[in-house]
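Every value quoted in this text rests on a predicted model; they were computed, and no experiment measured them. Within every chain, numbering begins at 1; the chains are lettered A, B, ... in the order of the sequence lines, protein sequences first and strands thereafter.
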Amino acid sequence: MPPIVAIRDLARFVGEQVTLQGWVTHRRSKGRIAFLVVRDGSGNCQAVASVQDVSADQFEQLARLTHESAVRLTGVVREDERAPGGFELQLAGVETVQLAEEYPIGRKEHGIEFLLDHRHLWLRHKGPWAVMRIRDEIVKACRDFMYERDFLLIDSPILTPAACEGTSTLFETDYFGAPAYLSQSGQLYVEPACIAHGKVYCFGPTFRAEKSDTRRHLTEFWMIEPEIAWAGLDEIMALAEQMISHIVARVLERRSEELAILERDTTKLESVTPPFPRLSYDDVAERLTRPDIVARAQQAGAPPFQPGSDLGALDETILGEMFDRPLIIHRYPTAVKAFYMEPDPERPDRALCMDIIAPEGYGEIIGGSQRIHDHELLARRIDENGLPEQAFRWYLDIRRFGTVPHAGFGMGIERLVAWISGARHTREAIPYPRTLRRLYP
RNA sequence: UCCUGGGUAGCUCAGCUGGUAGAGCAGGUGGCUGUUAACCACCGGGUCGGGGGUUCGAGUCCCUCCCCAGGAGCCA
């Protein structure tokens with residue numbers, strides 16, 4: 001029996017007889033010679049057979065193979081310039097494992113709705129294949145980065161009793177007769193854990209029932225959230241910029257083939273190195289009220305920027321385009337930010353927080369802050385925001401027993417994947433996207 | 001929720017000032033010994049998103065509802 005070989009390793013078997021297990025992506029039957037291209041998950045390979053190479057029955061079988069049929073192909077590996085990839089299989093035997101039915105996804109263009117309806121099949125195609133491999137590399141790079149810096153993984157619960165941030169909408173579910181909610185952030189749960197371990201992070205799915213209906217939004221998305229005791233805004237800005245740089249460098253190094261498949265302009269990724277530009281909210285507000293920027297925003301159809309309010313999506317895009325690497329914006333007005341953010345002691349109407357905006361219009365990829373560690377102040381904020389104090393008792397407790405300054409941030413994985421891979425929608429950055437209008441497949 | 005653009009064959013789309021519906025791909029049949037999204041010939045394939053209206057006549061005009069895409073708001 002010839003060895004079963006992955007297409008990626010074919011170069012090591014030139015001149016030898018091997019078996020490939022895969023799926024038919026193309027068939028070009030040309031009279032008494034037939035070409036077959038198969039995919040096995042590790043790559044693509046052309047196989048060729050002429051009538052005299054195989055039995056009449058097998059040649060007939062070859063000619064009938066349909067798109068996505070599962071096959072075992074046995075033959076000798078040959079180097080040949082005419083073959084895509086440089087190697088091909090000279091067929092000696094074909095086994096049809098399953099003759100596929102008429103395959104819905106054609107070789108021409110399709111709309112995004114059709115492709116997402118067939119996501120279970122679309123995952124096989126080279127674009128999604130490359131994006132998923134980049135996603136895998138990004139996730140691994142995140143975990144390695146955390147591990148190498150002595151951050152401990154603390155998984156946060158997905159079923160929670162109440163809101164982490166009062167503003168966002170939650171998915172409600174029935175918990176033995178009582179309401180429970182799908183977590184929209186693990187932050188509140190890593191804060192106590194950083195008191196136990198110093199440096200921690202959580203990494204898991206989060207859920208937001210927001211009516212946000214853009215290509216940047218999912219209702220279920222993955223987020224990595226580091227949290228550090230004895231740290232403030234400066235420490236998390238430095239950590240975030242190192243983390244993003246580390247991830248981008250790692251993808252450039254190990255997933256260049258996938259970036260090439262996606263035709264990603266890698267020069268735009270190579271410039272992503274520390275330090276990132278840092279602007280305060282007030283710097284940004286000044287820029288956004290300059291006449292030329294105002295004119296540009298108006299032309300793009302952006303609602304006019306109001307000093308003191310949060311930034312709009314187009315404001316972020318315009319700001320992001322001013323730099324060749326991610327932009328850190330810090331010290332937003334306390335009034336527009338979450339209740340748990342520490343006020344700047346030098347200017348209490350500004351919070352010690354930061355957002356990081358990805359270049360090329362991919363939007364906010366990180367949001368973080370120093371957390372309020374004073375019990376009285378936090379209790380007042382919870383009250384002012386109309387949040388149920390009962391539900392936050394445990395969270396307030398942390399401020400009663402050895403409270404210290406601490407800070408952390410959340411990074412959205414799909415936006416990061418979309419930006420790095422150049423995908424048009426965050427929906428393409430997750431295997432099975434959930435959006436306002438999609439819960440299938 | 002609002003703004004803009006769409007909905008015609010399995011898919012992607014064309015269809016002029018209203019006159020009985022088209023292409024490419026996919027599928028089927030036949031041909032072809034080095035193809036690269038192979039090619040050539042032939043064949044099958046339609047509730048023109050639903051409902052109502054105007055008209056001798058509606059894919060085309062009007063009303064209404066549904067669905068989709070892009071954007072805004074909110075957010076990662």
Side-chain angles (χ1 to χ4, degrees), chain A residues 25-37 44 46-53 59 63-64 66-68 78 80-86 88 90 100-118 126 164-165 167-169 184-187 205-225 240 297 300-304 309-317 336-338 355-358 361-368 409-419 424-427 429-430 435-438:
Chain A
T25 62
H26 297 270
R27 192 201 66 226
R28 292 184 283 269
S29 173
K30 198 182 179 302
R32 296 190 211 166
I33 187 168
F35 297 90
L36 215 57
V37 180
N44 292 297
Q46 173 171 283
V48 59
S50 52
V51 264
Q52 65 264 31
D53 297 334
F59 195 81
R64 289 185 183 286
T66 50
H67 194 189
E68 292 303 321
R78 274 200 335 219
D80 193 313
E81 280 183 3
R82 292 168 295 186
E88 69 180 12
Q90 181 66 50
E101 295 175 27
E102 186 178 334
Y103 189 64
I105 303 181
R107 304 192 211 290
K108 282 200 140 189
E109 283 182 25
H110 295 281
I112 189 71
E113 185 194 9
F114 176 82
L115 289 171
L116 288 175
D117 279 343
H118 296 84
K126 69 175 187 182
C164 291
E165 305 176 29
T167 53
S168 299
T169 320
Q184 58 183 5
S185 165
Q187 183 205 317
T206 49
F207 307 87
R208 301 207 179 164
E210 288 159 359
K211 298 267 165 72
S212 302
D213 192 14
T214 80
R215 63 189 173 141
R216 295 185 304 280
H217 288 88
L218 299 167
T219 53
E220 177 181 308
F221 64 97
W222 285 64
M223 192 153 64
I224 183 165
E225 296 175 90
S309 68
D310 212 344
L311 303 178
L314 279 162
D315 296 329
E316 288 182 353
T317 300
V336 302
K337 286 292 178 177
D355 284 352
I356 300 187
I357 312 296
Y362 283 92
E364 186 186 333
I365 47 174
I366 279 184
F409 62 81
M411 182 169 76
I413 295 301
E414 286 73 21
R415 286 190 185 176
L416 193 71
V417 172
W419 163 51
R424 294 184 304 281
H425 309 70
T426 51
R427 293 160 227 205
I430 188 166
T435 66
L436 204 52
R437 284 196 286 266
R438 178 171 295 281

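Proximity note for A/Glu316 (side chain, C-beta onward) versus B/rG34, B/rU33, B/rC75: the nearest is B/rC75. The side chain of A/His110 lies closest to B/rC11, out of B/rA37, B/rC11, B/rA76. For A/Thr214, counting side-chain heavy atoms from C-beta on, the closest listed nucleotide (B/rU12, B/rG73, B/rA69) is B/rG73.
The side chain of A/Arg437 places no N or O atom within less than 4.0 Å of a non-bridging phosphate oxygen (OP1 or OP2) of B/rC67. In this structure, A/Arg216 reaches the B/rA72 phosphate: one of its side-chain N or O atoms is under 4.0 Å from OP1 or OP2. The phosphate of B/rG34 (OP1 or OP2) has a side-chain N or O of A/Lys30 nearer than 4.0 angstrom.
In this structure, CG in A/Asp80 is found 4.5 Å from CD in A/Glu88, a value given to the nearest 0.5 Å.
When heavy atoms are screened at a 4.0 angstrom cut-off, A/His217 is found touching base atoms of the nucleic acid. Nucleic acid contact class of A/Glu101 (heavy atoms, under 4.0 Å, all strands): none. As judged by a 4.0 angstrom heavy-atom cut-off over every strand, A/Glu414 is placed among residues making no nucleic acid contact.
One interatomic measurement links the two molecules: CZ of A/Arg427 to P of B/rA69, which rounds to 6 Å at whole-angstrom precision. If you measure from atom CZ of A/Arg208 to atom P of B/rC75, you get 9 Å, rounded to the nearest angstrom.
For the C1' atom pair drawn from B/rC16 and B/rG50, the interatomic distance equals 27 Å after rounding to whole Å.
In RNA chain B, runs of at least 3 stacked Watson-Crick or G-U pairs (N1-N3 plus N6-O4 or O6-N4, or N1-O2 plus O6-N3, all under 3.5 Å) give these stems: B:1-7 with B:66-72, B:10-13 with B:22-25, B:27-31 with B:39-43, B:49-53 with B:61-65.
When each of A/Glu102 and A/Arg27 is assigned the nucleotide of RNA chain B with its nearest heavy atom, A/Glu102 is the one assigned upstream, toward the 5' end.
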